[in-house]
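Heads up, the thing below is written out as C-alpha cells.
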There are 2 protein chains.
Amino acid sequence: MSNPLPLLTTPPTERRDAARNREALLSAASELIRGCSVEGVTMEAVAAKAGVGKGTVFRRFGSREGLMASLLDHAESEWQAAVIGGPPPLGPGGPPMERLLAFGESRMHLHLQQGALIDAAGRTWGENYAVIGFATMHVRILLAELGVQGNLPYLATALVAPLSLPVLRQQFGPAGMTEEQVLAGWGELVRRVVG
Amino acid sequence: MSNPLPLLTTPPTERRDAARNREALLSAASELIRGCSVEGVTMEAVAAKAGVGKGTVFRRFGSREGLMASLLDHAESEWQAAVIGGPPPLGPGGPPMERLLAFGESRMHLHLQQGALIDAAGRTWGENYAVIGFATMHVRILLAELGVQGNLPYLATALVAPLSLPVLRQQFGPAGMTEEQVLAGWGELVRRVVG
DNA sequence: AATAGAAACGGACCGTGGTCCGTTTCGACT
DNA sequence: AGTCGAAACGGACCACGGTCCGTTTCTATT
C-alpha cells in the first residue's frame with residue numbers, strides 16, 4: 001500500500017546504489033586528500049578509487065567544488081552541533097558575551113583548519129546560505145540576548161564577515177598580525193558593537 | 001654610456017612589442033566582455049582577437065585570473081584616484097565621518113558593478129595587498145582623524161570586510177536586504193565602532 | 001651597420017573539469 | 001517471480017587553462 005500522504009515522511013528517498021556510491025566517493029576523496037593534498041583530488045582519481053565512473057561523481061556532487069563542499073559539510077556539521085548542544089562557553093549555558101567570543105575563536109580556527117578545502121570549494125561553500133546563515137543567525141540571537149538594539153541582521157553579518165578566510169589571510173599575511181592580535185581585535189569590535 | 005646606478009631611474013623597462021601586445025590584449029578582452037559576457041573571455045579568443053599567440057597572453061598576465069585582475073585595475077585605479085584627489089564627500093576636504101560613509105557606499109557600488117570580473121579574478125584580486133591594503137589604510141586614517149582609540153588596524157579591516165562581494169551577495173540575496181538597508185546597516189556599524 | 005644576447009613570441013601539446021547519451025540497475029506494484 | 005518506468009551508471013568526448021621549447025624580434029653596444 002502506498003502512502004497516500006507522502007509529505008514529511010518521504011524526503012525524496014535516495015536509491016541504495018546511489019547512497020553507497022556517495023559514501024564510497026566521499027571516503028575516496030578523503031583518503032586522496034590524506035595521501036597527497038587537495039590538489040591531488042582529481043575527479044577521475046576519486047572515481048577510480050571509488051570504483052565508479054567519472055560521470056557518477058558529477059551526478060552526485062555536480063562539480064568539483066560541490067564535492068569539496070560536501071567534504072566540508074562534515075566539519076561544519078560537527079561545529080554546528082557544538083554550537084547548538086556542546087559544552088560552554090561555545091555551547092548553550094554560559095553568558096552570551098562569552099558565547100560570542102568563543103564563537104569567534106572557534107569559527108576562526110575552523111576556517112584556518114579547512115583553508116585548502118574552502119578554497120577548493122569556491123563559491124559553492126562561501127555563498128552557501130545554510131552555512132553563512134547559521135553563523136549569522138547565531139550571532140544575531142546572541143546580540144539580542146545581550147540587549148543590543150538596532151539593525152541586528154546587518155550587525156550580525158558584519159561581525160561574521162571579518163572571520164572569513166580571505167580576511168584572515170590578509171590579516172595574518174600582509175598585515176602581519178598574530179592570532180592573538182586578531183582575536184583581541186575581534187573582541188574589541190564586538191564590544192564596540194554591543195556598546 | 002650605461003647608467004652606473006640603475007636604481008630608481010630604471011623600473012625594469014618593458015620592451016616595445018611587449019607593451020603593444022599588453023595593450024592589444026587588454027582591449028581585446030574588454031571588447032569580448034562587451035560582446036558577450038565574462039564567460040566568453042577565453043584565453044584563446046583573446047589571443048586571436050589581439051592577433052597574438054596564446055603563449056603571449058600567459059606570458060603577460062600569468063593566468064586567466066591575472067588577466068581579469070588587470071582589467072579590474074583600471075576601475076580600481078580610478079576609484080583610488082577619486083578617494084585620494086576627487087571631490088568631497090569621497091575625496092579629501094569634507095568631514096571625516098562623511099568621507100567614511102561615502103567610502104562605504106562607493107566601495108559597495110564598485111564591487112557590485114565589477115562583480116562578474118571580481119569572480120573571474122578569484123584570489124588574484126581578493127587577496128591582492130595593493131587593493132585591500134589601500135582601502136584598509138584609508139579607513140584606518142579616517143578612524144584616526146575621528147579620534148578613535150584602540151586597535152585601528154584591526155577595526156579598519158573589520159569595517160572593510162562586510163563590503164566584500166560575497167557578503168554583499170548574501171545580504172542582497174538570501175537575507176533579502178535592500179541597498180538602502182545595507183548602507184544604513186554599514187553606517188550604523190561605523191557609528192558604533194567610532195563610538 | 002653589424003652583432004650578440006636577452007626577451008618575447010607562437011602554437012603544438014597535455015591534463016583536468018564538465019557533458020552526453022546509450023546501457024544498466026533499482027525497486028514499486030502486480 | 002515478472003514487468004516497467006525512473007533513476008543511476010559509465011566512459012568516450014569536448015573545451016579550456018596552462019606549459020614548453022624552438023624560433024623570432026628587439027635593443028644596447030660597438
Side-chain angles (χ1 to χ4, degrees), chain A residues 1-6 9-26 28-29 32-33 36-71 119-124, chain B residues 1-6 9-26 28-29 32-33 36-71 119-124:
Chain A
M1 159 174 66
S2 69
N3 188 337
L5 287 175
T9 63
T10 49
T13 185
E14 188 178 44
R15 247 169 64 168
R16 282 280 159 68
D17 51 350
R20 254 201 314 273
N21 281 339
R22 133 113 101 279
E23 199 58 31
L25 286 166
L26 285 174
L32 280 178
I33 287 179
C36 314
S37 116
V38 174
E39 326 296 304
V41 181
T42 263
M43 296 306 256
E44 270 174 350
V46 173
K49 188 151 199 133
V52 304
K54 193 179 169 184
T56 301
V57 192
F58 282 92
R59 161 169 285 270
R60 285 271 81 75
F61 301 102
S63 66
R64 191 184 127 101
E65 295 192 345
L67 171 60
M68 299 305 184
S70 289
L71 289 174
D119 281 343
R123 309 173 195 69
T124 307
Chain B
M1 156 173 69
S2 69
N3 188 336
L5 287 176
T9 62
T10 47
T13 184
E14 190 177 42
R15 249 169 64 169
R16 281 280 159 69
D17 52 350
R20 254 200 315 273
N21 282 339
R22 131 114 103 280
E23 200 57 32
L25 286 167
L26 285 174
L32 281 178
I33 287 181
C36 314
S37 115
V38 174
E39 326 297 305
V41 182
T42 264
M43 295 306 257
E44 271 173 350
V46 173
K49 188 152 199 130
V52 304
K54 192 179 173 186
T56 301
V57 192
F58 282 92
R59 160 169 285 269
R60 285 272 78 76
F61 301 102
S63 67
R64 191 183 127 101
E65 295 192 344
L67 171 60
M68 299 305 184
S70 289
L71 289 174
D119 281 345
R123 307 172 197 70
T124 306

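Convention: sequence-line order gives letters A, B, ...; per-chain numbering from 1.
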### Message
Using modelled atom types and a 3.5 Å cut-off, is there a donor and acceptor pairing between side-chain atoms of Arg123(B) and backbone atoms of Asp119(A)?
### Response
yes

### Message
Strictly distance-based, threshold 3.5 Å: is any side-chain N or O of Ser37(A) a donor or acceptor partner for the main-chain N or O of Glu39(A)?
### Response
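Between the backbone of Glu39(A) and the side chain of Ser37(A) there is a qualifying donor-acceptor contact (under 3.5 Å).
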
### Query
Which residues satisfy the side-chain hydrogen bond (donor to acceptor under 3.5 Å, both in side chains) test with Thr124(B), sequence neighbours excluded?
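Thr124(B) satisfies side-chain hydrogen bond (donor to acceptor under 3.5 Å, both in side chains) with Glu65(B) once adjacent residues are dropped.
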
## Note on the structure
Those residues at least two apart in sequence (or on a different chain) that pass side-chain hydrogen bond (donor to acceptor under 3.5 Å, both in side chains) with Arg64(A) are none

### Summary
Each nucleotide of nucleotides 7-19 of chain D classed B (base within 4.0 Å of a protein heavy atom), S (only sugar-phosphate) or -, in 5' to 3' order, makes BBBBB----SBBB

### Message
To check you understand the geometry: which heavy-atom pair defines the closest contact between Ala121(A) and Ala69(A), and what is its length?
### Response
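What the structure gives for the nearest pair is CB-N, 3.9 Å.
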
